[in-house]
2 protein chains.
Amino acid sequence: MKLSESEENYIKSIYNLQEKTEKVNTNSLANFLNTSPASITDMLKKLKIKKLLEYKKYYGFRLNEAGNNEALKIIRRHRLWEYFLVTKLGMEWEKVHDIAEELEHVSSPDLINKLDIYLGKPKIDPHGDPIPDEKGKIIELKQKALKNWPLKRNAIVSSVSNQTPEMMEMLNHYGIAIGSQIKILKAFEFDGSLQIKIARNPDCIISGQAAKNIFVYDN
Amino acid sequence: MKLSESEENYIKSIYNLQEKTEKVNTNSLANFLNTSPASITDMLKKLKIKKLLEYKKYYGFRLNEAGNNEALKIIRRHRLWEYFLVTKLGMEWEKVHDIAEELEHVSSPDLINKLDIYLGKPKIDPHGDPIPDEKGKIIELKQKALKNWPLKRNAIVSSVSNQTPEMMEMLNHYGIAIGSQIKILKAFEFDGSLQIKIARNPDCIISGQAAKNIFVYDN
DNA sequence: AAATAAATTTAGACAAATCTAAAAAATAAT
DNA sequence: ATTATTTTTTAGATTTGTCTAAATTTATTT
């Protein structure tokens, strides 16, 4: 299926939001993409016509199987390019996202498969996210960044990727350590910050930055 | 200067056509880009407003210095990606053009400079065309593909890149050999074929395909 | 040099992707 | 169970890049 750059961006974003919630709603997608809710509705109609979306007016939407497959192709391209930028060009993993965002729209399957082979068919990208293979299959990670964890689901802290003294100090302060029980109570879309509950301590708020660096797995 | 993908395509095409003729005209650019002449006029107005073009209504146009610099940046990206596709991903040089055409619009200077370093700052792309450096400078090649040679300018055949028996047979037939005097009398934009004069032989027509593989230099 | 042909530009229309403001529907609150 | 609030959709406008058809300008013929 031939998709415009814009359609691809919507599909990818819906896919990403679906990781956290069953059904996606207009406002959260508008917020995520920095567009108006009206634009979202417009695009939803198009994607529904293209049969990539389950969408009932006023009641939210989600990708159907075809939509999911398209999303996985886009994500595969994105993550392979990120891997390339970090491992071959020596860019820092915090800085490659925007460039991969552009490269991902170049959609020649031959290019992507050759790139995949050249990179040694990596399974995980520099941010710790899995890279779909040519069939769209992704390895199941027990471990995920806390920022990608669903709301209100218990987890155990498995690792911390940015082990600076400042980071460790903060974790200490909140009583977060490897093995801690953790649960997200609320996610603020505005800045990615999270209200969390650690073991039996009182609730606390951590930044989106911190939430990218704390990894957890199922309880 | 921030340019749209479309603007970039026009600028690059004008640059390429300028290699062969002093002033470019509406119809030849329309033909080159497979659009209508009316679309060309529309875009010329925009590029003139952006001060990238010298353009006098009805009398043709050409890039000014700013336009040339933009063109060189786009061409640098295009040729570096072609080099990457051939030398790193193992694609064939006849097949990389379309993909490079898409990749060239990703315009992060940091990306391109890191790619350049990674590739070893190549000076010539897989088609034998020079790659502009970060300042837009290109090495002066005495040797150029015949297809890029200006009309009615004497040249000497310096080499032939596709030395298949079929190719050699044809060259033989026309009396084309290394060292032959050669001159283009007319170029057919439709298929890239050329009417040429070799030494004192009668005129003949060669295909665009052949014209890509015959290299010449100044007399 | 007047008529014809070719090239170029203008006028007006259209699709894609976006917006703002207003209307409609669903949810929450009293 | 009404009312108020929030969310979502519609209506109508805008920008970019494109088109066709008609008008204009330049070039070519006779």
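So you know, we letter chains A, B, ... as the sequences are listed, proteins then strands, and number each from 1. Below, each value reflects all heavy atoms present in this structure, side chains not excepted, and no hydrogens, waters or symmetry copies.
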Between [N] and [X], is there an OP1 or OP2 to side-chain N/O distance shorter than 4.0 Å?
X        : N       : result
Tyr58(B) : dT9(C)  : no
Ser39(B) : dG17(D) : no
Ser6(B)  : dT18(D) : yes
Ser4(A)  : dA16(C) : no

Can you figure out which of [options] approaches the side chain of [X] most closely?
X        : options                  : value
Asn27(B) : dC19(C), dT10(C), dT8(C) : dT8(C)
Lys57(B) : dT18(C), dT9(C), dT9(D)  : dT9(C)
Thr26(A) : dC19(C), dT9(D), dT25(D) : dT9(D)

* Honestly, is Lys114(A) close enough over Tyr118(A), meaning NZ or CZ under 6.0 Å from the six-membered ring centre and within 45° of the axis? ->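 Judged by the rule (NZ or CZ under 6.0 Å from the ring centre, within 45° of its axis), Lys114(A) is not positioned above Tyr118(A).
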
* To do: Name the nucleic acid region contacted by Phe61(A), choosing base, sugar-phosphate or nothing; use a 4.0 angstrom heavy-atom cut-off, strictly under.
  =>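 Result for Phe61(A) = nothing.
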
* With sugar-phosphate meaning primed atoms plus P, OP1 and OP2, does Lys45(B) contact a base, only sugar-phosphate, or nothing at under 4.0 Å between heavy atoms? ->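 The residue Lys45(B) makes sugar-phosphate contact but no base contact.
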
* Asked: Thr41(B) or Asn34(A): which one's nearest nucleotide on DNA chain C is closer to the 5' end?
  ->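 Going by which nucleotide is closer to the 5' end, it is Thr41(B).
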
* Nearest-nucleotide 5' precedence on DNA chain C, Tyr10(A) against Tyr59(A) ->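 Final value for this comparison: Tyr10(A).
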
* Any luck finding a side-chain donor-acceptor pair between Ser193(A) and Asp191(A) under 3.5 Å? ->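 Distance-only check passes for Ser193(A) and Asp191(A).
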
* Side-chain H-bond candidate by donor/acceptor type, Arg62(A) with Asn68(A), under 3.5 Å ->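 Checked: Arg62(A)/Asn68(A) side chains show no N/O donor-acceptor pair below 3.5 Å.
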
* Can you spot which of Lys46(A), Lys50(A), Lys12(A) makes a side-chain hydrogen bond (donor to acceptor under 3.5 Å, both in side chains) with Glu7(A)? =>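 Among Lys46(A), Lys50(A), Lys12(A), the one that satisfies the side-chain hydrogen bond (donor to acceptor under 3.5 Å, both in side chains) with Glu7(A) is Lys50(A).
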
